[in-house]
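What follows is a set of notes on a single structure, which appears directly below.
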Number of protein chains: 2
Amino acid sequence: MDYSTAKNKFLQTWGALGSQWGINKTMAQIHALLMVSDEAISMEDIMQELQISRGNASMNLRALMDWGIVYKENKPGERREFFIAEKDLDELATKIAKERSKREIKPALKMLKEVSSIQANETPAEKHFVEQTKKLYDFVGRADEMIDKVTTYKDNWLGKLMIKLLK
Amino acid sequence: MDYSTAKNKFLQTWGALGSQWGINKTMAQIHALLMVSDEAISMEDIMQELQISRGNASMNLRALMDWGIVYKENKPGERREFFIAEKDLDELATKIAKERSKREIKPALKMLKEVSSIQANETPAEKHFVEQTKKLYDFVGRADEMIDKVTTYKDNWLGKLMIKLLK
DNA sequence: TCAAACTTTCAAAAATAATTGAAATATATT
DNA sequence: AATATATTTCAATTATTTTTGAAAGTTTGA
């Protein structure tokens, strides 16, 4: 397999993986492209490489910067903007985890807290509803916390020890 | 907030959360409905409660059973089928993790192995591509492994210790 | 074996999400 | 200030995903 084929395969598969996890395919692909590029890339080049429109490129680059995993880079003497990706994978994972937690998990937790706090009457149905949503609240809360801890401490000694122990 | 409002809010929000993580909204909602129900539910009742068609209910129940997180239950003297959800949340998380790993992560790993194995020439671009995809391969592989271990051992003493230590 | 009760399948329709492209806006240069 | 270059916005279009519903299939029991 040659470089160009490999690169295409990578961009293609990474985009599909993104989709499967609720991330816009183009967004995943732009990030993938920046990840494997040895230098900053202009919007023009991104459009060219992924065959996408200017609007699409602009919007998804904005989203990636909002996530904190892509940065602008200004080249001296160059008018247009260049982009680079966060390449430290631990840092990347941490940012993605924190962002998804904030945007998606935390609101779900809030809802679980609310609905599990209703005054249930004596029927089995209502009692069970409260019981289950309480359990779900505890569980999701713990999982969210754990992901946060695991990503935060991934590169320190404690984390390394744990990860080793888990092997 | 009364029971019916709370239940609706739960089903609604859980469905949205599913969507955000690449899971069919109805599939997430059927599972949610079964999770908080104190008894097995017929397809008819699921259709009724979520206001969905027979085909939709049938297909998504099939998918949930393929994931191994919903089971059929036969009531004596009853012709039609009833459904119950896996209610042990550790077990649920384990099954979801294993299934997503198998369907989505493993194929991505396979691709990363392939594309990072190309014979790169001396250009910085090709060298960097191989370097990055190799790193990605290692990282995704480790993450995949860790999720597997964490979920598998979640309810034994080792896991409990770790989780406590991570607090 | 037949018919009633129930479930599955899948092509067509509907709903949702992503993308385009051109006008508007912003920024830099002369 | 005027012009050129670059970026953003967003209504309209296109693509993708989900849902429907009726026909086909299956199972049970009379």
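On a predicted model such as this, the values are computed, not experimentally measured, just so you know. Hydrogens, waters and symmetry mates play no part in the numbers below; they use all other heavy atoms, side chains included. Every chain is numbered from 1 and lettered A, B, ... according to where its sequence line falls, protein lines coming before strand lines.
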TODO: Look at the side chain of B/Ser117 and the backbone N and O of B/Lys113, then say whether any donor-acceptor pair between them is shorter than 3.5 Å.
DONE: yes

Open item on the list: Side chain of B/Ser58, heavy atoms from C-beta onward: which of C/dT8, D/dT18, D/dG21 has the nearest atom to it?
Closed with: C/dT8

Open item on the list: What I want to find out is whether A/Glu78 reaches A/Arg80 closely enough, with some N-O distance under 4.0 Å, to be called a salt bridge.
Closed with: yes

Open item on the list: Could you tell me if B/Asn121 and B/Thr123 have a donor-acceptor pair between their side chains, going purely by distance under 3.5 Å?
Closed with: yes

- [ ] May I ask you to verify whether the side chain of B/Arg54 and the base of C/dT7 hold a donor-acceptor pair under 3.5 Å?
- [x] no

Task: A/Glu81 CD - D/dT5 P separation (whole Å) - done: 17 Å

Open item on the list: By nearest heavy atom, map B/Arg79 and B/Phe82 onto DNA chain C; which one lands nearer the 5' end?
Closed with: B/Arg79

- [ ] Find which nucleotide of DNA chain D each of A/Met59 and A/Glu78 is nearest to by heavy atoms, and output the residue with the more 5' nucleotide.
- [x] A/Glu78

Task: Position toward the 5' end of DNA chain D (nearest nucleotide), A/Lys72 or A/Lys25 - done: A/Lys72

- [ ] Specify the separation, in whole Å, of atom CE of B/Met65 and atom C1' of C/dT7.
- [x] 10 Å

Task: Side chain of A/Met43 (C-beta onward), nearest among D/dT7, C/dT8, C/dA18 - done: D/dT7

Open item on the list: How many whole angstroms separate atom CG of A/Asn24 from atom P of C/dA17?
Closed with: 12 Å

TODO: Return the value, rounded to whole Å, for the distance between atom CD1 of A/Ile46 and atom C1' of D/dT8.
DONE: 15 Å

TODO: Using only heavy-atom distances, determine whether the side chains of A/Glu104 and B/Trp21 contain a donor-acceptor pair under 3.5 Å.
DONE: yes

Task: Separation of C/dC6 P from B/Gln48 CD (nearest whole Å) - done: 16 Å

Open item on the list: Taking only side-chain N and O atoms of A/Thr26, does any of them lie within less than 4.0 angstrom of OP1 or OP2 on C/dT19?
Closed with: yes

Task: SB check A/Arg62 A/Asp66 (cutoff 4.0 Å) - done: yes

Task: Integer-rounded Å distance: D/dA11 C1' and A/Asn56 CG - done: 16 Å

TODO: Specify the residue among B/Gly55 and A/Ala57 whose closest nucleotide of DNA chain C lies further upstream toward the 5′ end.
DONE: B/Gly55

Task: Between D/dT19 (P) and B/Ile23 (CD1): distance, integer Å - done: 14 Å

Open item on the list: For a quick check of understanding: with a heavy-atom distance under 4.0 Å over all strands, which category does A/Glu44 fall into, base, sugar-phosphate or nothing?
Closed with: nothing

- [ ] Would you kindly check whether a donor in the side chain of B/Arg80 faces an acceptor in the base of C/dT7, or vice versa, at under 3.5 angstrom?
- [x] no

TODO: Measure from NZ on B/Lys75 to C1' on D/dT27 and round the result to the nearest Å.
DONE: 20 Å

